[in-house]
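These notes concern the structure reproduced below.
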Amino acid sequence: MLKYVFIVLYANDNGDGGTFALYSLISRYAKIRMIPNQQAEDAAVSNYSIEEPNSQMLRAQWVKQKLESSSSAKIALFTVTILGTAMVMGDGTLTPAISVLSAVSGIREKAPHLTQSQVVWISVGILFLLFSVQRFGTDKVGYSFAPIISVWFVLIAAIGVYNLAAHDYTVLRALNPKYIVDYFERNGKEAWVSLGGVVLCITGTEAMFADLGHFNIRAIQLSFTCILFPSVALCYMGQASYLRKFPDNVGDTFYKSIPAAMFWPTFIVAILAAIIASQAMLSGAFAILSKALSLGCFPRVEVVHTSNKYAGQVYIPEINFLIGAASIVVTIAFQTTTNIGNAYGICVVTVFSITTHLMTVVMLLIWKKHMAFIAAFYVVFGLAEFLYLSSILAKFVEGGYLPFCFSLVLMALMATWHYVRVKHYWYELDRVVPATQLTELLGRRDVGRVPGVGLLYSDLVQGIPPVFPRLVDKIPSVHAVFVFMSVKNLPIPRVPPPERFIFRRVGPAEHRMFRCVARYGYTDQIEGTKEFSAFLLERLKMFVQEEAAFSCHGDGDDDDNARRWEAQAAAEEEKRFIDAEAERGVVYLMGEANVAAAPGSSLMKKIVVNYVYTFLSKNLRESHKALSIPKDQLLKIGITYEI
């Protein structure tokens, strides 16, 4: 409550939360991204920046300088961010398994003849249904969530009050912190080991931050402090009271402590609440992965926006299938919530710790808080999380190894993809085509201008990509209107459509060649082909008009008026020309780069680039599908980059 609800929630990225939101927030204030595609115009986007670090705040400037000048710091920030993402994915796998299995296990109170294996298979059936309906999105069933969860909190609070009154209300003395000290003195190492179970009381907090895009800070603060915290506290107090009389029932305290008349209603609501909790975790996992994807840190997968009203509600079919399969396998393999809990706790506390470290950077660089406050935050929460993590790691061989293995695989895939993308970008940047060579290419006798508009896609936001000379060599023709196109994701949730495009003219006006950068936030959805091309050409004509108006500023004499009239007439002529060529058709051109490790590379680099990256790029979503480009308007140019 203190850390997340009253501190971390304020470190949101224009309303979005999670580890990647913190990373993107930091990257707006310091150039920590390893692909150097930042442009001065990015800061002009209306919701890009809060304020530049004050030059008088030497500490913030010092931190900014160290982050920007140190490759190790950039790699470290990126590594902890993808580790946090991998652990959230582990959460997404384990939360449905432990929540549903725990809820369904209660049925054995009324049907003791059921075996644990039968309980597991019932849980598997519920999990299968849960993951099968993800494609419909939470928007369709989300209205039922609040009433169900409200009933759940009322039930567990009422059961807690009942147990306090019926058994031993003197357990309330445990609110005195002195008993914490007594507990550790009395139990020693066993008390330390028990922290691994205690941490399960606060799981889901990291999902609350990841799901921030669905709510607002005040709503979470009110619901957490006024409803969730009292209800959960009363529930645990009631269980403690019950165990004072029935200590042998510690294995299944919750269901055994429910009054007989309330068992079945509570059991049904518990299963529904477990499904909703799983849904919340999955929504957070999908949201974080969509951010990672748009920032170039995850292989291309299909992202489906399931709601027209809420940009943050997304569904990723491939990830849903993998998480669902893994969750079912974990449930069948581990059988009990105890073993799953050992794995689950490691995921949760690791994300807690990563959030603490990223928050410390935010406080130093962006918030510019007093050092005493920053030190207190880091020491208090960092130490508490270290104690929890050290306790959970004691159960490493009893299931704790699972999230580490899972996270290492996912981190390796993300790191491989990002590493090759960075190398690919630098390869193109080092080999941009000079302006003089462009003029020579267009001046060749065998090169003609063909009707229509051509859009050549490249990652470069400046300069002419090396794939262009290859295109002219293989097909000695260039479209009458030619645009070097780059789609760029900014580290912000949304870019207003009027601020979407940046245009520059390439070469003299008679070439009718332009550079365009289309900028998207990580929750923006790329438009369909027709809408995109229409919007692009409309903004291109606006650029031509504005360029003409800007070029003829003067003193207002007759010569200036004549130049202004000529410039406006030329702009109108060029706009008509663009419209005419657009009517003849728009062709999308893309470089199909085959990336290979350069001769003399290390064995590890050859494995990463030639095998792992090649496998990912060939078996995941193609780039033209991600950009919604129809095949009948697409021309691919093959080229090999040795990095």
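How far CD1 of I639 is from CE of M590: 14.0 Å, rounded to the nearest 0.5 Å. Once rounded to the nearest 0.5 Å, the distance linking OG of S458 with CZ of R515 reads 6.0 Å. We find the CD1-CD1 distance between I346 and I392 to be 6.5 Å, quoted to the nearest 0.5 Å. Taking CG of L22 as the reference point, atom CD1 of I354 lies at 11.0 Å (rounded to 0.5 Å). From F6, atom CZ reaches atom CD1 of I220 across 11.5 Å, with rounding to the nearest 0.5 Å. Atom SG of residue C516 and atom CD1 of residue I502 lie 8.5 Å apart, to the nearest 0.5 angstrom.
Under the side-chain hydrogen bond (donor to acceptor under 3.5 Å, both in side chains) criterion, T19 pairs with no residue, sequence neighbours left out. T356 is linked by a side-chain hydrogen bond (donor to acceptor under 3.5 Å, both in side chains) to K3, E385, counting only residues two or more places apart in sequence or in another chain. Residues meeting the side-chain hydrogen bond (donor to acceptor under 3.5 Å, both in side chains) test with Q221, sequence neighbours left out: Y10, R218. Applying the ring-ring contact (aromatic ring centres under 6.0 Å, His included) test to F131 and every residue at least two apart in sequence or in another chain returns nothing. Under the ring-ring contact (aromatic ring centres under 6.0 Å, His included) criterion, Y588 pairs with no residue, sequence neighbours left out. In this view, R431 satisfies the salt bridge (charged side-chain N to carboxylate O under 4.0 Å, His left out) rule with no residue, not counting sequence neighbours. Applying the salt bridge (charged side-chain N to carboxylate O under 4.0 Å, His left out) test to R421 and every residue at least two apart in sequence or in another chain returns D459. Residues satisfying the side-chain hydrogen bond (donor to acceptor under 3.5 Å, both in side chains) criterion with Y388, sequence neighbours excluded, are absent altogether. The ring-ring contact (aromatic ring centres under 6.0 Å, His included) search around Y378 returns H357, not counting sequence neighbours. Not a single side-chain contact (heavy atoms from CB on, under 4.5 Å) links V380 to another residue, sequence neighbours left out. Shown here are the ring-ring contact (aromatic ring centres under 6.0 Å, His included) partners of F209, two or more places apart in sequence or in another chain: there are none.
The shortest distance between side-chain heavy atoms of L358 and V80 falls below 4.5 Å. Between M363 and F373, the closest side-chain pair of non-hydrogen atoms falls below 4.5 Å. At a threshold of 4.5 Å between non-hydrogen side-chain atoms, the residues R519 and V487 do not count as touching. Annotation: side chain of Y520 is not in contact with side chain of K488 (no heavy-atom distance under 4.5 Å). Between P465 and V433, the closest side-chain pair of non-hydrogen atoms is not below 4.5 Å. Two residues are said to be in side-chain contact when any heavy atoms from C-beta on lie closer than 4.5 Å; L25 and I366 meet this criterion. No side-chain heavy atom of K605 sits under 4.5 Å from any side-chain heavy atom of N610. Using a 4.5 Å heavy-atom cutoff, the side chains of M359 and W367 are in contact.
Residue Q65 places its CD atom among 12 or fewer non-hydrogen atoms of other residues, nucleotides or ligands, all under 6.0 Å distant.
Note: F352 and Y4 meet the aromatic proximity criterion, with ring centroids under 6.0 Å apart. Aromatic ring centres of F615 and Y611 lie farther apart than the 6.0 Å criterion allows.
With 3.5 Å as the limit, one finds no donor-acceptor pair spanning the side chains of E642 and Y427. For the residue pair W192 and S390, a side-chain donor N or O sits within less than 3.5 Å of a side-chain acceptor on the partner.
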Checking V8 against T355 for the side chain to side chain contact (heavy atoms under 4.5 Å, CB included) test, could you report, in this order, the C-alpha distance in whole Å, the side-chain angles of both residues, the deciding distance, and whether it holds? CA-CA 8 Å; V8 173; T355 302; 3.9 Å; yes
Working for side chain to side chain contact (heavy atoms under 4.5 Å, CB included), residues V432 and I464: CA-CA 5 Å; V432 293; I464 299 165; 5.8 Å; no
Between F535 and F501, does a ring pair (Phe, Tyr, Trp, His ring centres under 6.0 Å) hold up when you go through it step by step? CA-CA 10 Å; F535 190 32; F501 298 110; 5.4 Å; yes
Does the side chain to side chain contact (heavy atoms under 4.5 Å, CB included) test come out yes or no for L94 and V330, once each step is laid out? CA-CA 8 Å; L94 297 174; V330 165; 3.8 Å; yes
List the atom pairs, with distances to 0.1 Å, where a side-chain N or O of residues 81-88 and a protein N or O form a donor-acceptor pair under 3.5 Å, not counting sequence neighbours.
residue	atom	partner	partner atom	Å
T81	OG1	L77	O	2.7
T85	OG1	T81	O	3.0

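Considering all non-hydrogen atoms of both residues, S391 and G196 come closest at OG-N, 3.0 Å. Nearest heavy-atom pair across S327 and A97 is OG-N, 3.5 Å.
Of the listed residues (F468, F514, F503), just one forms a ring-ring contact (aromatic ring centres under 6.0 Å, His included) with F484, and that residue is F468.
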